[in-house]
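The block underneath contains the structure these notes are about, expressed in structure tokens.
Excluded from the calculations below are hydrogen atoms, water molecules and symmetry mates; all remaining heavy atoms, backbone and side chain alike, are included.
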Number of protein chains: 2
Amino acid sequence: MPQQPEIIEFDHPCPIRDVLDRIGDQWSVLILLTLQPGTKRFNELMREIGDISKQMLSRTLKHLEQDGFITRTVYPEVPPRVEYDLTELGHSFLEPMQAMVDWADTHHRTIAEARRRYRVI
Amino acid sequence: MPQQPEIIEFDHPCPIRDVLDRIGDQWSVLILLTLQPGTKRFNELMREIGDISKQMLSRTLKHLEQDGFITRTVYPEVPPRVEYDLTELGHSFLEPMQAMVDWADTHHRTIAEARRRYRVI
DNA sequence: GAGACCTGGTCTACTAATTAGACCCAAGCA
DNA sequence: TGCTTGGGTCTAATTAGTAGACCAGGTCTC
């Protein structure tokens, strides 16, 4: 039995939930951040992210394409070449995301310390 | 066999990954957003979020507490009362997060449309 | 008294999501 | 001939998440 096309319906009444349900998974944001500097191929993404499985990368890329965050371009060569790129929407998403990244950069020390303290108690 | 205290080690070399690994799950951000207006009790959070299981709520709250995003206050009454609150760190996190929420608000229409278009192709 | 009820969880048994790794395709190279 | 290469898909095994039963121990009703 071949795999279904797997189109998932997302229509949470709350728009933040609707977006968060898709983008708020383990990998989406990470992939978008990895694509920020520019075009990447499938295996480049695999290598740079490091601990994602092929299936999840493939599936998440498909979702991101479906939602209009990235484009997927296939070059009919052998071996095949497939390039992923941020769309304008994808880039615009990374603007507020950058604020989060900066926040993480600033506060990860505080968080790490909180974790350590919690362990001690 | 009683449940272990479950202290998870998080020390990804990349600080963004380190923070994202914890905060970037299904529920953390949602819980923090729900706590934004002020103190909430366990069952209030359950009701407001709606589709989270007790176990995940309990576990995620524990993680957020461990990382210093929220405080947990137990009042020794019967029936018990437990209140959750954002810390200063939690509030500071919601500042960049607010930019994301605004972004989602602005763009969810575009995304919904992209999904629909993808289905048609 | 004997129950029933309250909250904030935990425990267990089941189900859904994720992973690792084998496998596929066809051109080019040794 | 047969190995390599890139971008995946498929299957089996592991892991994460869910629903719902259960617990504690004061208070309220019968």
Side-chain angles (χ1 to χ4, degrees), chain A residues 1-10 12 17 20-31 34-35 39-66 70-85, chain B residues 1-10 12 17 20-31 34-35 39-66 70-85:
Chain A
M1 213 179 323
Q3 204 171 58
Q4 306 297 93
E6 187 191 18
I7 301 299
I8 301 172
E9 302 287 336
F10 270 101
H12 203 283
R17 286 297 304 270
L20 223 58
D21 278 353
R22 173 58 60 86
I23 215 70
D25 65 9
Q26 193 66 204
W27 301 115
S28 295
V29 168
L30 210 54
I31 291 174
T34 309
L35 281 173
T39 306
K40 293 263 162 67
R41 299 175 61 173
F42 190 87
N43 281 331
E44 279 184 282
L45 290 167
M46 279 287 274
R47 265 195 306 281
E48 291 196 28
I49 294 173
D51 51 354
I52 189 172
S53 68
K54 284 178 160 211
Q55 193 169 67
M56 284 312 289
L57 180 56
S58 170
R59 183 181 305 172
T60 309
L61 286 168
K62 214 173 290 173
H63 290 168
L64 290 173
E65 190 198 355
Q66 185 185 354
I70 61 172
T71 56
R72 178 178 185 274
T73 314
V74 184
Y75 296 87
E77 310 169 355
V78 169
R81 182 158 59 100
V82 181
E83 291 188 345
Y84 293 94
D85 264 300
Chain B
M1 214 178 321
Q3 204 171 57
Q4 306 297 93
E6 187 191 19
I7 303 299
I8 301 173
E9 302 287 337
F10 270 101
H12 203 282
R17 285 296 305 272
L20 222 58
D21 278 353
R22 173 58 59 87
I23 216 71
D25 64 10
Q26 194 66 201
W27 301 116
S28 296
V29 167
L30 211 53
I31 291 174
T34 309
L35 282 173
T39 305
K40 294 264 161 67
R41 299 175 61 174
F42 189 88
N43 281 331
E44 280 185 279
L45 290 167
M46 278 288 274
R47 267 194 305 281
E48 291 197 26
I49 294 175
D51 51 355
I52 190 173
S53 68
K54 284 180 160 211
Q55 193 170 68
M56 283 314 288
L57 180 56
S58 169
R59 184 181 304 174
T60 309
L61 285 169
K62 213 173 291 173
H63 290 167
L64 291 172
E65 190 198 356
Q66 185 185 355
I70 62 174
T71 56
R72 178 178 184 273
T73 314
V74 184
Y75 296 87
E77 311 169 352
V78 169
R81 183 158 59 99
V82 180
E83 291 188 345
Y84 293 94
D85 264 300

Who passes side chain to side chain donor-acceptor pair (under 3.5 Å) against A:R72, sequence neighbours left out?
A:Y84

Nearest-Å distance, CG (B:L57) to C1' (D:dT18)?
13 Å

Length of the line joining A:R81:CZ and D:dG8:P, which is rounded to integer Å
13 Å

Specify the separation, in whole Å, of atom CE of B:M56 and atom P of D:dT15.
17 Å

Whole angstroms only, please: what is the CD-C1' distance between A:E77 and D:dG8?
16 Å

Kindly indicate, with the supporting measurements, whether the criterion side chain to side chain contact (heavy atoms under 4.5 Å, CB included) is fulfilled by B:L30 and B:I52.
CA-CA 10 Å; B:L30 211 53; B:I52 190 173; over 6 Å; no

Partners meeting side chain to side chain donor-acceptor pair (under 3.5 Å) with B:S28 (sequence neighbours left out)
B:D25

OP1 or OP2 of D:dG7 sitting under 4.0 Å from any side-chain N/O of A:S58?
no

Could you tell me which non-hydrogen atom of B:D51 sits nearest to which non-hydrogen atom of B:W27, and how far apart they are?
O-CH2, 3.5 Å

Counterpart residues, side chain to side chain donor-acceptor pair (under 3.5 Å), relative to B:D85 (two or more places apart):
B:T39

Can you sort out the partners of A:R41 under salt bridge (Lys or Arg N to Asp or Glu O under 4.0 Å), two or more places apart, ordered by chain and number?
none

Could you state the CG-C1' distance from A:L45 to D:dG8, rounded to the nearest angstrom?
13 Å

Taking the side chain of A:N43 as its heavy atoms from C-beta onward, which of D:dG6, C:dG9, D:dG8 lies nearest to it?
D:dG6

Once salt bridge (Lys or Arg N to Asp or Glu O under 4.0 Å) is applied, do any residues pair with A:E44, and if so which ones, sequence neighbours excluded?
none

Under 4.0 Å from OP1 or OP2 of C:dG8: is there any side-chain N or O of B:R41 that close?
yes

Using a heavy-atom cut-off of 4.0 Å across all strands, would you classify B:Y84 as base, sugar-phosphate, or nothing?
sugar-phosphate

Once you round it to whole Å, what is the distance between P of C:dA16 and CG of B:D25?
21 Å

Distance below 4.0 Å between A:K62 side-chain N/O and D:dT9 OP1 or OP2
yes

Return the angle between end axes of the helix from C:dG1-D:dC30 to C:dA30-D:dT1, with five pairs used per end and rounding to 10°.
30°

Please report the C-alpha distance between B:Q66 and B:H63 in whole Å, then the side-chain angles of each, then the deciding distance to 0.1 Å, and finally whether the side chain to side chain contact (heavy atoms under 4.5 Å, CB included) criterion is met.
CA-CA 5 Å; B:Q66 185 185 355; B:H63 290 167; 4.1 Å; yes

Hey, does the side chain of B:R59 come within less than 4.0 Å of C:dT10's phosphate (OP1/OP2), counting only N and O?
no

Residue list, salt bridge (Lys or Arg N to Asp or Glu O under 4.0 Å) with B:E65, at least two apart or on another chain:
none

Summarise how protein sits on nucleotides 20-30 of chain C as a single string, 5' to 3': B when a protein heavy atom is under 4.0 Å from the base, S for sugar-phosphate-only contact, - for no contact.
------BS---

Nearest whole Å is fine: how far is D:dG8 C1' from A:H63 NE2?
15 Å

Measure CD/A:Q26 against P/C:dT18 and give the value in whole Å, please.
8 Å

